[in-house]
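The structure appears right after this line, and notes come after that.
This structure is a prediction, so every number in the text was calculated from the model and none was measured. Throughout, residue positions are numbered sequentially from 1 according to the sequence presented.
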Amino acid sequence: MTGTVTSSPETDESTSQMTGPGKLPFSMLLGRMIIRSIGTLHELVAFSLITLSVTLLKFNRSKAVVHPIIRSQIYLAGIRLVPLVGMVALMTGFIVVGQMISLFSMIGASRYTGLVMVVAVFRELGPLMTAMMVLARVGTSTVIELGTKRAMGEVEALEALGIDSIHYLVVPRVLGLALSIMVLTIYFILISMVSAYMFVFMQDIPMKPGAFVNQIVEALHISDFLMLVLKSFFFGTIIAVVTCYEGLARPIRLGDISSAAMRAVMKAILFCVLLDAVFILYWMV
């Protein structure tokens, strides 16, 4: 090809001596990582906008086909996880929050019980832990399922039949996961509150159930409810978009599905933590 620059053997040898065999300077590795992250974020944003537009424009189309899929996703990501979420919430409230309340009572700070429950469970542990459980149980299976469809050519077959793959495969999962995480988060918080008071009762801390609930209610604000709904909804949306993107956005082979699932889990955790940091900054301000 005209204009192609070829390097001499001496240049290649000197370059390999500077960087070492298979090694690159840290600055170059960091730069590549940043560029790759920006590119991935750009693709995820584009995929999210496409999903949003399809959801708004085609939600009522093919209701007899799409809406049952949404209900099945709510069952898989919500109802089936009720025992697991309840068990984790019970242990979280009993072991973590209950011990914190017991410690506060020992130092004469029982009046901060409601604040502890709101900050620890309502704002942080509830939405984040629920999202991570849904990601572990449903997010990985989503990547495997969609990646298998992509590798086997089922996605191309759907598009050849005139079926929008985003409308049929992605939108039900986004709505199902977002709604499921919202409901499961509220369920997690309620179970944690009950188990935390169980620990308080077993430790013979002089606090009646009415006083316990009143302290929590006094520590809550309207913004806490609004942020809880937004955070849990966005967590579900992020998990669904990232997992669907890794399964569908590019051609994939059957042997690459496991690595795609690992990438999806890592990216979803990263974006959820970053979003949680944004909400923390909001509450601090």
Are any side-chain N or O atoms of [X] and backbone N or O atoms of [Y], one a donor and one an acceptor, separated by less than 3.5 Å?
X: H167; Y: T55; result: no
X: S180; Y: L177; result: no
X: T130; Y: P127; result: no
X: N214; Y: G210; result: yes
X: K231; Y: R123; result: yes

Close side-chain approach of [X] to [Y], heavy-atom, < 4.5 Å:
X: E159; Y: V155; result: yes
X: L230; Y: F234; result: yes
X: C244; Y: L169; result: no
X: D164; Y: K58; result: yes
X: M132; Y: C272; result: yes
X: M133; Y: L84; result: yes
X: M129; Y: F188; result: yes
X: L135; Y: F235; result: no

Just wondering, are more than 12 heavy atoms of other shown residues or ligands nearer than 6.0 Å to [atom1] in [X]?
X: I222; atom1: CD1; answer: no
X: F233; atom1: CZ; answer: no
X: Y187; atom1: OH; answer: yes
X: R263; atom1: CZ; answer: yes

Give a yes or no on whether [X] and [Y] share a hydrophobic cluster (residues Ile, Leu, Val, Met, Phe, Trp, Tyr; joining criterion: side-chain heavy atoms under 4.5 Å apart).
X: L57; Y: L49; value: no
X: F271; Y: Y282; value: yes
X: V82; Y: M182; value: yes
X: M152; Y: L146; value: no
X: I69; Y: I163; value: yes

- Taking it one step at a time, do E145 and R173 satisfy side chain to side chain contact (heavy atoms under 4.5 Å, CB included)? CA-CA 12 Å; E145 179 185 359; R173 287 168 172 79; 2.9 Å; yes

To the nearest 0.5 Å, tell me how far [X] [atom1] sits from [Y] [atom2].
X: M117; Y: I216; atom1: CE; atom2: CD1; value: 4.5 Å
X: L44; Y: K267; atom1: CG; atom2: NZ; value: 6.0 Å
X: S223; Y: F225; atom1: OG; atom2: CZ; value: 9.5 Å
X: I186; Y: I181; atom1: CD1; atom2: CD1; value: 12.5 Å
X: T142; Y: L76; atom1: OG1; atom2: CG; value: 8.5 Å
X: L220; Y: L228; atom1: CG; atom2: CG; value: 9.5 Å

- Task: For the residue pair F59 and H67, categorise the inter-ring angle as parallel (less than 30°), tilted (30 to 60°) or perpendicular (more than 60°).
- Result: tilted

- How would you list, by chain and number, every residue that makes a ring pair (Phe, Tyr, Trp, His ring centres under 6.0 Å) with F94, sequence neighbours excluded? F199

Heavy atoms only: give me the nearest [X]-[Y] pair and the separation to one decimal.
X: P68; Y: A64; value: CG-O, 3.3 Å
X: S195; Y: G93; value: OG-CA, 3.1 Å
X: G126; Y: I189; value: CA-CG1, 4.4 Å
X: G147; Y: I257; value: C-CD1, 3.7 Å
X: A260; Y: V143; value: C-CG1, 3.8 Å
X: R150; Y: G247; value: CB-O, 3.6 Å

- Item | Stepwise side chain to side chain contact (heavy atoms under 4.5 Å, CB included) check, T243 with V138 | CA-CA 9 Å; T243 52; V138 181; over 6 Å; no

- Task: Step by step, work out the side chain to side chain contact (heavy atoms under 4.5 Å, CB included) result for I74 and L175.
- Result: CA-CA 8 Å; I74 292 175; L175 295 178; over 6 Å; no

- Task: Please assess F47 against V170 for the test side chain to side chain contact (heavy atoms under 4.5 Å, CB included), listing each intermediate value before the final yes or no.
- Result: CA-CA 10 Å; F47 188 80; V170 178; 4.0 Å; yes

